[in-house]
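Right, one structure below, let's go through it.
Labels below follow one simple rule: chain letters A, B, ... track the order of the sequence lines, proteins then strands, and each chain is numbered from 1.
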Amino acid sequence: MSEIQYMFADTFVIAKRNIIKIKRVPDVLVFVLLSPIMFVLLFGYVFGNSVDVPGDNYRSFLMAGIFAQTVLFGATFTGAGIAEDMQKGIIDRFRALPMSRSAVLTGRTLSDVVYNTLSILIMAITGLIVGWRIEGSILEALAAVLLLLVFAYAFSWVMAYLALLVPSPEVINNASFMVIFPLTFIANTFVPAESLPEPLKTFAEWNPVSTVTQATRELFGNIPPGAPEPDAWSLQNPVLYTMFWVVATVAVFAPLAIGRYTRFNRR
Amino acid sequence: MQSSVIHATGLVKRFGDVTALDHLDLSVPEGTILGLLGPNGAGKTTAVSILTTLLLPTEGSATIAGVDLLSSPAEVRRHIGLSGQFAAVDEILTGFENLDMIGRLYRLGRSASRERARELLDWFDLDEAADRPVKTYSGGMRRRLDLAGAIVAEPPVLFLDEPTTGLDPRSRIGLWDVIRDLVSRGTTLLLTTQYMEEAEQLADDIVVIDHGREIAHGTADSLKAEIGGERIEIAVCDTADVDAARAILATVGVGEVEYNPATNKLLVPVTGGAGTFAKVLGSLNSAGIELRDVGLRRPTLDDVFLTLTGHGTNDSGADQTSAEQGDAGTDQKVSP
């Protein structure tokens with residue numbers, strides 16, 4: 001096998017290990033998912049009547065935002081997993097093995113795709129229970145899920161890099177919330193971007209969390225006919241703009257994280 | 001010395017102002033065991049981390065199985081197995097899954113990895129626990145699994161960092177047997193330990209280190225000759241007898257008699273074992289000195305240190321706990 005094939009093989013071995021761990025310790029999954037479920041219920045029922053959305057069905061509007069939020073939260077799982085691994089003796093074992101240097105990270109980001117697929121599924125079921133519906137075609141719905149997953153994958157690399165910068169798993173949890181909360185709230189996730197004051201409005205319009213939400217909303221058919229066309233180019237072409245972010249984020253943060261890990265290896 | 005499988009020259013490692021290793025030279029011929037003996041914080045783990053490519057030395061060079069450590073770390077990793085002080089196994093995975101994973105990462109292939117995992121679990125007496133998560137294992141079982149992990153790919157060079165620290169005596173002896181078995185198959189081994197007895201039992205050659213520096217080097221016998229074969233330790237009932245007892249001990253001792261007023265104990269290095277011991281007991285008895293406690297024992301690491309450095313292991317760097325944390329901490333530290 002060539003070095004590239006070995007890299008993929010090692011990635012799968014590490015990913016398999018992480019998935020076994022999710023399976024054995026499902027509590028982690030439960031807790032990470034509880035907060036978005038709580039958001040569905042809180043926003044859907046508490047604020048639902050006071051937020052003006054096109055089409056007047058807030059829960060239908062809300063779900064795309066919740067999906068985006070869920071996969072962003074999923075990325076903190078990547079960070080926490082890596083930060084925890086770095087603390088454990090097992091990382092010394094990995095570092096002394098003739099394995100691919102990047103596999104610990106590529107395996108982790110890969111296994112988190114599986115994790116995110118699971119969490120999207122659970123959020124979809126929650127959504128269906130509170131009255132959200134897929135109103136577009138199945139193909140478009142699959143495209144929405146796919147877009148959410150690649151977006152989550154890209155963000156996993158950001159969190160992987162952050163996890164390698166901080167000294168302990170406790171810190172990464174706090175650090176990641178400081179990144180995630182502004183990103184998810186200054187966006188069109190829970191309220192229409194148009195309703196925000198400047199300069200938050202401009203930030204929200206160009207925030208990739210907004211565009212992935214907008215794209216998901218469109219692909220699930222959750223934008224009612226007659227809804228006003230957004231002003232910003234990013235929101236008019238949300239799939240394209242989101243994909244640009246995905247590619248750019250992976251291109252920047254994957255090498256950064258791998259470089260950081262490799263340096264960590266041989267201080 | 002080209003025949004050395006592990007060959008290190010002038011290893012220096014500094015962490016900021018702290019010098020963890022200070023020009024350490026090591027040389028281990030093929031199929032032998034070198035024991036690196038020292039107290040917590042002496043630099044043992046740092047030395048192992050450097051030789052297993054986990055840490056870059058500040059200065060110095062080394063070859064492992066003829067491969068240069070600094071220029072070809074990836075190649076070195078193909079020849080080595082490492083079992084650390086803190087069992088490097090995944091708690092959530094089962095014993096089998098751990099070994100299978102390590103086999104795959106050593107690139108043994110799917111079926112060979114599985115086969116090897118089963119074989120090792122059987123050999124290390126873990127077959128019954130094979131499919132249980134490691135977190136249900138006892139300390140001894142974890143260490144055995146960790147050691148099994150180190151030899152999955154049958155590496156010709158093995159590094160064991162305090163393999164028996166924290167184990168009960170039975171598990172320790174069991175692990176010694178496994179280690180002897182491995183080396184009888186031609187493995188070259190560098191073993192660190194804080195137990196004189198362990199080094200004596202296993203090592204062909206012993207390097208004693210303190211503050212990252214070699215302070216003695218030789219076989220167990222030559223070291224013991226250097227520091228005196230055994231120790232006679234007595235505790236007198238009456239402090240008035242201390243001087244008389246000291247005089248008697250001085251007649252047989254090969255070193256100075258030490259007196260600890262806190263415990264009323266006297267300690268002297270001797271040679272001649274049981275014969276000398278009987279003679280001392282006889283003399284003390286005829287002098288009418290009443291004893292609270294008496295014993296003949298082999299020198300401990302503390303005695304070695306006392307003789308070689310003039311201070312015990314406890315003086316060598318704060319208290320034991322913080323020294324240990326410091327040693328472990330060097331592995332975890334994130335560099336800027």
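In the displayed structure, Phe177(A) atom CZ is contacted under 6.0 Å by more than 12 heavy atoms of other residues, nucleotides or ligands. Atom CD of Glu59(B) has more than 12 heavy atoms from other residues, nucleotides or ligands within 6.0 Å. Atom CE of Met178(A) sits in a sparse spot, with 12 or fewer heavy atoms from other residues, nucleotides or ligands closer than 6.0 Å. Heavy-atom contacts from other residues, nucleotides or ligands closer than 6.0 Å to CD of Glu119(B) number more than 12. With a 6.0 Å radius and a threshold of 12 heavy atoms from other residues, nucleotides or ligands, Phe185(A) has its CZ atom above the threshold. Taking a 6.0 Å sphere around CZ of Phe12(A), one finds it holds 12 or fewer heavy atoms contributed by other residues, nucleotides or ligands.
Interface remark: Ser113(B) contributes no atoms to any contact with chain A (heavy atom separation under 4.5 Å). Both the backbone and the side chain of Ala150(B) come within contact range of chain A, each with at least one heavy atom under 4.5 Å from a heavy atom of that chain. Heavy atoms closer than 4.5 Å to chain B are found in the side chain of Phe94(A), but not in its backbone.
Under the 4.5 Å side-chain criterion, counting only non-hydrogen atoms from C-beta, Arg107(B) is in contact with Ser100(A). When side chains are defined from C-beta on, Val13(A) does not count as touching Asp100(B), because their heavy atoms never get closer than 4.5 Å. Side-chain contact between Arg93(A) and Asp90(B) is absent, with no heavy-atom pair separated by less than 4.5 Å. Between Arg77(B) and Leu97(A) there is no side-chain heavy-atom pair separated by less than 4.5 Å.
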If you apply the rule side chain to side chain contact (heavy atoms under 4.5 Å, CB included), what do you find for Asp92(A) with Thr52(B), and how did you get there? CA-CA 10 Å; Asp92(A) 280 343; Thr52(B) 54; over 6 Å; no
Quick one, Val89(B) with Lys88(A), criterion side chain to side chain contact (heavy atoms under 4.5 Å, CB included). Give me CA distance, side-chain angles, the key distance, then yes/no. CA-CA 9 Å; Val89(B) 285; Lys88(A) 295 270 166 79; over 6 Å; no
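Between Met101(B) atom CE and Lys16(A) atom NZ the span is 10.0 Å, to the nearest 0.5 Å. Atoms CG and CZ, from Leu82(B) and Arg95(A) in turn, are 10.0 Å apart once rounded to the nearest 0.5 Å.
Contacts from residues 17-26 of chain A to chain B, taken as heavy-atom pairs separated by less than 4.5 Å, involve Arg17(A), Ile20(A), Lys21(A), Arg24(A), Val25(A) in sequence order.
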